[in-house]
Amino acid sequence: MSTIRRIASYGLLVSVYAVTWLVAVVGYAIPRRRWKPNGRILVTGTFFNPNWYLSHILPLARSGLEEVLLIVDEAQQPIEKVRFLCPPRWLAVLTTRAVAKAVWMIIAGIRYRPDLYMGYHLMPGSCSALLAGRLLGRPACYQMTGGPVEIVGGGYGAIDSPESALGRPSRLIESLATKVVRQFDLVVVRGNQAKRFLEARHPKGTVAIITGSINGSARSSRHDRLVHLVFCGRLSPIKQVHQFIALVDRVRCVIPGVRAEILGDGPLKAELQAYARQLGLTENIAFLGKTGDVQSHMVRSRVFILTSMSEGLSIAMAEAMSAGVVPVVAEIGELGDLVKDGENGYLVRPNCTEEYAARTLSLLRDEALWQQLSRKAIEAARSYCDIETVSEKWRRHIQGTVARASGHPRQHDVR
């Protein structure tokens, strides 16, 4: 069955990327008619938790747009200037969720005539956005939320994605995916590593670094920090939460009363709970599931742990840092854009439990060190990911992209 699944995935990806590229090239070659921008954009994606949704959609809604039209499976928390357009369930049953959202995007595009089409992740969201944009004569934006792993080897390493079913790298699919990415008018990445990766592949449009946003208003005194270690994220293979649990076990050998919290849900929850029971950590680790108020937990925590095998710039990490939690995270992806080793947190070798434990224990046993890094973590997160800063970046890049495509230049056109 796994072989059949790999072959089916391979055929699907080749077909989707080839068709998307062909439509994009032909659409780009057809001269666009000038139009007057109406301040609407059309966005599609899957939001696994409310905080991720708010961190990305709120700054779009505050970027000076008239309206953000959001194609999703079901409505999320209401936000001013955001309208939910959910495909009917019967369409998803007859086709698939991805196809239903792509069809709904084209229908919504014909009805509302947005200035820009945007998707999260290359497959399927951003491919749908590019197809709709080229068919309807509008620019398209790809948000590379997961970093280069979405493209390298055809995306086989992007766990929890359609590409992961490949099981091994594919040069052909990577080549096709790269051709598709080159066609976007705007590509948004989370950090410098992804920007360098894409610019080396010569995209037609702009590559911009825009992170998710944080509120940054929560505060706590050091005496309220009763949780020693905290993890926040989807409980999926790519996050390697088993390593977090193993770390708690290591720390318990030195601090028997260590307290840890795991915020989030996902397919591995039962397996992770069983692993914690096996290690005798049921009194040390609390599995709290999804929560709409992450900050209330962060302000009670001391050290934020991230053990992922791949990341963009983690918004959960930025939220933790803004609340004064010191990060001890793997040196992967874009995390080093925000975490400066030894200044506002620690970057450790991926999968090295010993190094995680050493850095974590140094923070838990040295109050002055923790205080120093905590202050710097707050400053870094709030200057880099503050919602007003992120909203302004979106305003400039959306205006610039739409101005170039529509033929109506605006004052803040950026390149």
Side-chain angles (χ1 to χ4, degrees), residues 4-32 41-46 71-73 85 87 91-111 113-114 116-146 148-156 158 161-188 198 201-205 401 405:
I4 295 174
R5 187 184 177 199
R6 283 199 299 269
I7 293 172
S9 179
Y10 188 92
L12 173 65
L13 290 169
V14 168
S15 300
V16 170
Y17 286 144
V19 170
T20 301
W21 175 78
L22 181 61
V23 171
V25 169
V26 172
Y28 192 84
I30 298 173
R32 287 173 173 157
I41 66 170
L42 189 58
V43 183
T44 187
T46 300
I71 305 285
V72 287
D73 296 309
L85 304 175
L91 182 59
V93 171
L94 287 177
T95 57
T96 62
R97 289 172 48 244
V99 172
K101 287 195 282 190
V103 170
W104 219 240
M105 177 170 264
I106 293 173
I107 292 172
I110 294 171
R111 179 177 179 182
R113 295 293 177 181
L116 177 74
Y117 292 80
M118 181 185 300
Y120 290 89
H121 303 290
L122 182 57
M123 174 71 181
S126 292
C127 284
S128 299
L130 184 58
L131 280 170
R134 289 294 183 265
L135 288 172
L136 299 173
R138 296 292 188 270
C141 171
Y142 160 38
Q143 286 215 48
M144 182 190 264
T145 56
V149 71
E150 293 185 19
I151 298 173
V152 174
Y156 81 104
S161 72
E163 300 94 314
S164 64
L166 288 172
R168 59 188 179 188
S170 167
R171 289 187 179 182
L172 173 60
I173 295 176
E174 178 177 341
S175 175
L176 289 171
T178 301
K179 288 177 181 294
V180 169
V181 171
R182 286 176 181 155
Q183 299 302 315
F184 285 92
D185 302 88
L186 174 64
V187 181
V188 171
L198 286 176
R201 285 151 180 79
H202 311 294
K204 285 188 173 73
T401 301

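Keep in mind that what you see is a predicted model, and the values were worked out from it rather than measured.
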Chemist: About how many Å separate CG of Leu12 and CZ of Arg5, when rounded to the nearest 0.5 Å?
Modeler: 11.5 Å

Chemist: Would you compute the distance between atom CZ of Phe184 and atom OG1 of Thr401 and round it to the nearest 0.5 angstrom?
Modeler: 12.5 Å

Chemist: Got Arg138 and Leu116 here, is their nearest side-chain heavy-atom distance under 4.5 Å?
Modeler: no

Chemist: Can you tell me if Glu150 and His121 form a side-chain donor-acceptor pair at under 3.5 Å?
Modeler: yes

Chemist: What verdict does the side chain to side chain contact (heavy atoms under 4.5 Å, CB included) test give for Val43 and Tyr117, after you've listed the backbone C-alpha separation in whole Å, the side-chain angles of each residue and the deciding distance to 0.1 Å?
Modeler: CA-CA 6 Å; Val43 183; Tyr117 292 80; over 6 Å; no

Chemist: At their closest point, which heavy atom of Val16 faces which heavy atom of Met123, and how far apart are they?
Modeler: CG1-SD, 3.8 Å

Chemist: With sequence neighbours excluded, what pairs up with Thr44 under the side chain to side chain contact (heavy atoms under 4.5 Å, CB included) test?
Modeler: Ile71, Lys101, Met105

Chemist: Report the distance from atom OH of Tyr142 to atom CG of Leu122, rounding to the nearest 0.5 Å.
Modeler: 4.5 Å

Chemist: If you take all heavy atoms of Tyr120 and Ser126, which pair is closest and at what distance?
Modeler: N-OG, 3.9 Å

Chemist: On a heavy-atom basis, which atom in Ile151 and which in Glu174 lie closest, and how many Å separate them?
Modeler: O-CG, 3.4 Å

Chemist: For Ser175, which residues count as a side chain to side chain contact (heavy atoms under 4.5 Å, CB included) partner, sequence neighbours excluded?
Modeler: Lys179

Chemist: Just wondering, do Val181 and Thr178 contact through their side chains at under 4.5 Å, heavy atoms?
Modeler: no

Chemist: Enter the distance from Met118:CE to Ser128:OG here, rounded to the nearest 0.5 Å.
Modeler: 14.5 Å

Chemist: Between Asp185 and Lys204, is there a side-chain N and carboxylate O pair less than 4.0 Å apart?
Modeler: no

Chemist: What's the spacing between Ile106 CD1 and Leu42 CG if we round to 0.5 Å?
Modeler: 10.5 Å

Chemist: Indicate yes or no: at least one non-hydrogen side-chain atom of Val23 is less than 4.5 angstrom from one of Leu135.
Modeler: yes

Chemist: I need the minimum non-hydrogen distance between Ala129 and Cys141, along with the two atoms involved.
Modeler: CB-O, 4.5 Å

Chemist: Minimum heavy-atom separation for Ile173 to Tyr17, with atom names?
Modeler: CG2-CE1, 3.7 Å

Chemist: Looking at OG1 of Thr20 and CG of Leu130, how far apart are the two atoms once the value is rounded to the nearest 0.5 Å?
Modeler: 6.5 Å

Chemist: Between Val103 and Thr95, is the side chain to side chain contact (heavy atoms under 4.5 Å, CB included) condition met? List the steps.
Modeler: CA-CA 10 Å; Val103 170; Thr95 57; 6.0 Å; no

Chemist: Is any side-chain heavy atom of Ile30 closer than 4.5 Å to a side-chain heavy atom of Arg134?
Modeler: no

